[in-house]
Amino acid sequence: MTRRSLRDVFLGGGAAMTVVLVLERGASFAANLIGARLAGMEAFGAYSLTLSTVGMVAGYAGLDLGATAIRYSGQFPRTSPAYPAFLRALARVVALAAAVGSLAMFAASGVLAERVLDQPDLAWLLRLASLSVAARVVLESVRGICVGQRRYGALVWIAGATGGGLVLAMPLAARIGAPAMVLAEAAVAGGAVLGCLVLAGRFGLTPAPVEAEASTEPPSSRAIARFGAVRFGSVMLVGIGSWLLAASLTRHDPSMGENAFYGVAHQLRGLSAMAPGILATIAFPLLAGPAGQEFGGADRVLRVNAYLVLASSTAIAGAVALPLPWLLPFLYGPDYGAAEGAAALLLASAVAHMSAAPAANRLSIVSLRATTAVNVGWAAVVVASGSALVPFLGATGAAMAWCLGYGFSLLATASGLRWLGERPRGLRTLSWGSLASTLSIGGLGALRAIDPDRFRAPGTIALAAVLLTILGLLWRARDRFVGDAA
């Protein structure tokens, strides 16, 4: 490999996954726009509600198998003799998850429609949508294999096929009605899976001829399911913690104003985390076994990835946090200026969250037990601190709870790797750098919101100076952390 190889992985993979994201989001927006205009409010409303239910059921049934496929694809690249056995083991788990999810959706459609959604007429539409559950579970796993094997062309093809297919099918389906729209969504997802299977050889997803003996045993279906369950548990804990905070806000603010502030702050947090999240996803398969050896091993990949994620998350969150006093009223209206404190704290939590992601990915590979302990600790910190802060500070208190939770996760993850003897050189320094960025963005951003007349100008200047200092220090230290990958 050349000295530019690891840099090329991040640049090429990041560019490809950005294209995938734009294609998927853009096509979804266009398809929904077409459906809303042609189907009418009643049919489109039924379609949207059905799809949101499909997403929930597929998420539960899927056990985060997309991330699981990424993780094991790194350990068993297509040149490994164990790659076919890995695919068979993964296929068994995926097939079972898809079948269970689809059957559960079909069986529970009546209860969901009548008792949960209070829309008995939707029962048959939900039964029809059980096909979409299976298709989504399988498609997410196929995407995971493509990411893990670094076959970004296949990812772009899947995004184009699903997005383009839905945009092309939606005009006719919308004129027929909600059932046709649901069937079109399932057919497009299933067609993308079949197309990827047919083109697997061209995409470089089929086993490559090798002569060496397998150095490691392929994973069993049970091991794959166990890893997926732990990853899914982490997602569930985040969802439950977020819901509990939102519920606490609702109890203490029946006007829903604080929930509105919390919602727009989360939108900005999500946007700021997109690019660092892509970088962390690209590196995930390289943190497991042979896939990372050609780039200097898991320690080097983790160090480089942690540096890039910290630098990008600090730069993006800082760029959004600086103009918050003017950005929020401009985007959402003058009433949302009061969301400044919550938005600044949630942007800060994104820095801590994303900076911990590379180390958390590595920890999930070396110890599922330690990963579970960190996730449970995160949930305990968020719920406990949120219960104490929300009654007094509203949305700002909820955002502060997120900061405390991800600050705990950041330090606990690095400590877990150290305890297991897996923490690479330099990761502790990056962890403290992430904590400094988190405290600067959250603390100075929230300070401006306390008394805008007194602190807005000096707070903005201080935040800009601190961010420039942190980014300048990261730039000066690039050779230490990135080395010949830069």
Side-chain angles (χ1 to χ4, degrees), residues 24 50-76 82-109 111-112 116 126-149 154-155 158-159 161-162 182-183 185-197 200 205 218-240 281 284-285 288 361 364-365 368 371-372 375:
E24 290 179 344
T50 300
L51 280 197
S52 66
T53 307
V54 166
M56 178 190 69
V57 175
Y60 287 137
L63 292 176
D64 206 14
L65 287 173
T68 304
I70 295 174
R71 177 256 188 269
Y72 282 105
S73 287
Q75 186 172 351
F76 301 99
Y83 180 64
F86 151 64
L87 289 181
R88 289 192 295 269
L90 179 65
R92 287 192 291 268
V93 178
V94 171
L96 179 61
V100 169
S102 186
L103 291 173
M105 179 80 166
F106 188 88
S109 57
V111 175
L112 287 172
V116 179
L126 292 174
R127 293 190 183 98
L128 199 62
S130 61
L131 296 172
S132 287
V133 173
R136 287 195 182 196
V137 171
V138 177
L139 184 59
E140 192 62 27
S141 302
V142 172
R143 285 191 179 111
I145 294 173
C146 293
V147 174
Q149 298 296 324
L155 272 180
I158 291 173
T162 53
V182 170
L183 282 176
E185 198 271 344
V188 167
V193 172
L194 291 176
C196 205
L197 291 176
L205 295 172
S220 64
S221 297
R222 179 176 297 181
I224 289 175
R226 184 168 59 249
F227 183 87
V230 171
R231 293 282 304 193
F232 174 70
S234 174
V235 175
M236 281 289 294
L237 285 173
V238 172
I240 292 171
T281 300
F284 191 13
N361 286 338
S364 70
I365 292 170
L368 288 177
T371 297
T372 302
N375 292 338

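Along the sequence shown, the residues carry numbers beginning at 1.
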Next item on the list: Please list all pairs passing the side chain to side chain donor-acceptor pair (under 3.5 Å) test where one or both residues lie in residues 58-68, with sequence neighbours left out.
Entry: none

Margin query: Suppose we screen for side chain to side chain contact (heavy atoms under 4.5 Å, CB included). Which residues come up paired with A135, at least two apart in sequence or across chains?
Written below: A189

Note to self: Test of understanding: with ring pair (Phe, Tyr, Trp, His ring centres under 6.0 Å), list the residues that count as partners of F227, not counting sequence neighbours.
What the structure shows: Y72

Check: Between CD1 of I224 and CG of L65, what distance do you get to the nearest 0.5 Å?
Finding: 8.5 Å

Item checked: For S234, all residues meeting side chain to side chain donor-acceptor pair (under 3.5 Å), sequence neighbours excluded -> none

Check: Taking only residues two or more places apart in sequence or in another chain, which ones pass side chain to side chain contact (heavy atoms under 4.5 Å, CB included) with T371?
Finding: V230, L363, S364, N375

Note to self: Quick check for you: to the nearest 0.5 Å, what is the distance between R231 atom CZ and I70 atom CD1?
What the structure shows: 8.0 Å

Note to self: For E140, give me all partners under side chain to side chain contact (heavy atoms under 4.5 Å, CB included), at least two apart in sequence or on another chain.
What the structure shows: R143

Item checked: Gap between atom CE of M105 and atom CG of L126 - 0.5 Å precision -> 4.5 Å

Next item on the list: Under the side chain to side chain contact (heavy atoms under 4.5 Å, CB included) rule, collect the residues that match up with I240, sequence neighbours excluded.
Entry: M236, L244

Notebook entry, point to check: Can you name the residues that form a side chain to side chain donor-acceptor pair (under 3.5 Å) with R127, not counting sequence neighbours?
Noted result: S109

Item checked: Those residues that, when tested against F284, pass ring pair (Phe, Tyr, Trp, His ring centres under 6.0 Å) (two or more places apart) -> none

Note to self: Show me the pairs that pass side chain to side chain donor-acceptor pair (under 3.5 Å) and involve residues 86-105, at least two apart or across chains.
What the structure shows: R92-S221

